[in-house]
Amino acid sequence: MGMPRMTLQTQLVLRALLEAPAKQRYGLELCELAGLPSGTIYPILARLEQVGWLDSSWEDPTVHEAAGRPRRRFYRITQNGAEQARDALARAYRSRKQPLPGWAAAHPAAGGGAS
Amino acid sequence: MKGQRRVIVPSPTAQTDLTPTLENVIAAVRSHHSDADAGLLERAYAEASIWHTGQRRHSGDPYITHCLAVAAIVADLRMPLPVVCAALLHDVDDTACPPQRIADQFGKEVADLIAAVRTAVVSAYPQAGRGTAPRSAAACPSREMAVLAIRLADRLHNMRTIAFVAPAKQLLKARETLDVFAPVASAAGLETVGRELQDLASAVLQPAPSSYAVSGWLLTALTLLLPSGHRARWQEEWSADLAAYATRRARTRFTLRVLLGAPRLSMTLRSPFCRERR
């Protein structure tokens, strides 16, 4: 329940958010920061928000009205989210290293452990 | 259960994002008329909720959200309590509500207002250019002014949510809004309403480059894949991001990728942990 799936894309998004955890970012901006193709980020954001790692809010009307464009939805990583994201990223990093190439071939029955 | 970690705390802005609540409406009325009877508003809200049960807006939102939104706009225009009640109840005549009931429950003034709102011809009001209309609507607006405020608020909320209406009807409504409602609002001294109506209508009638309209329309259609309570938010979020692209190609690419991600987004939003966030 409390954990999003740590896909590569999710990891990229979290990394981008953690670069400046206090900063509010909108979807498109995050997409670019994370190096993801445009438009692919929304399911990830929704999921992260759902588990409480992100908070979102609408842009201040004075800002977007002055800029003459529609209001944006801003996301920010929560404190709890930042902690958990760091943990999860570290775990994902370790697990990626785990099945060493030679090891997996030598013990086919144990292959994987990937989740 | 308790010790672990904090999960899903609704942010303070989560509620006010999309639709005003009854509390917002009461607060708005009270801020201009401190002695207003909140009980009456609560009863009007309950009454409207009953008759609009099961009805939906084009966006998929429950119909009552429209009643609340209109009431909130009217309250922000400093209209007194009976006018805000009439705004909450302005569409019950279209429901199974017996004709005499509103007069019995809320008095003749409210019932008359609702009847007048239905029959009012907005184009008959003075339009911008000649400023003979009553300026401020404050404490004791004329009945005409009250009726106009409800009609304008009704149109304003319909224009704010027009993305969900069929394209041909959008154009018709936008044209009428631009030609009639916006000038009447400005002439009545309701400049903010007039300006917003004008902006919303213009956006429908002259969307920037041609493919912007197509992508925007497709994005709106995509929101239909999402659970109803979430559509307005994502539609708005996507359009804002879409608007940042300068080329037609980039916009098309963006839209297609949103399309590819929509099933997953929809699944996420439908999962049981998503209840509290909108």
query: Cation over ring, A:R73 on A:W58, under 6.0 Å and within 45°?
result: yes
query: Using 30° and 60° as the class limits, which term best fits the ring planes of B:W234 and B:W238: parallel, tilted or perpendicular?
result: tilted
message: Non-hydrogen contacts under 4.5 angstrom with chain B: give the residues of residues 25-37 of chain A involved, or none if there are none.
response: A:Y26, A:G27, A:L28, A:P37
message: Just so I know, are the side chains of A:I41 and B:R257 near enough to count as touching, which here means a heavy-atom distance under 4.5 Å?
response: no
query: Would you call B:R233 and B:E237 a salt bridge, using N to O less than 4.0 angstrom?
result: yes
task: Check whether more than 12 heavy atoms from other residues, nucleotides or ligands sit under 6.0 Å from atom CZ of A:R76, and answer yes or no.
output: no
task: Tell me yes or no: between the side chains of B:D154 and B:H66, is some donor less than 3.5 Å from an acceptor?
output: yes
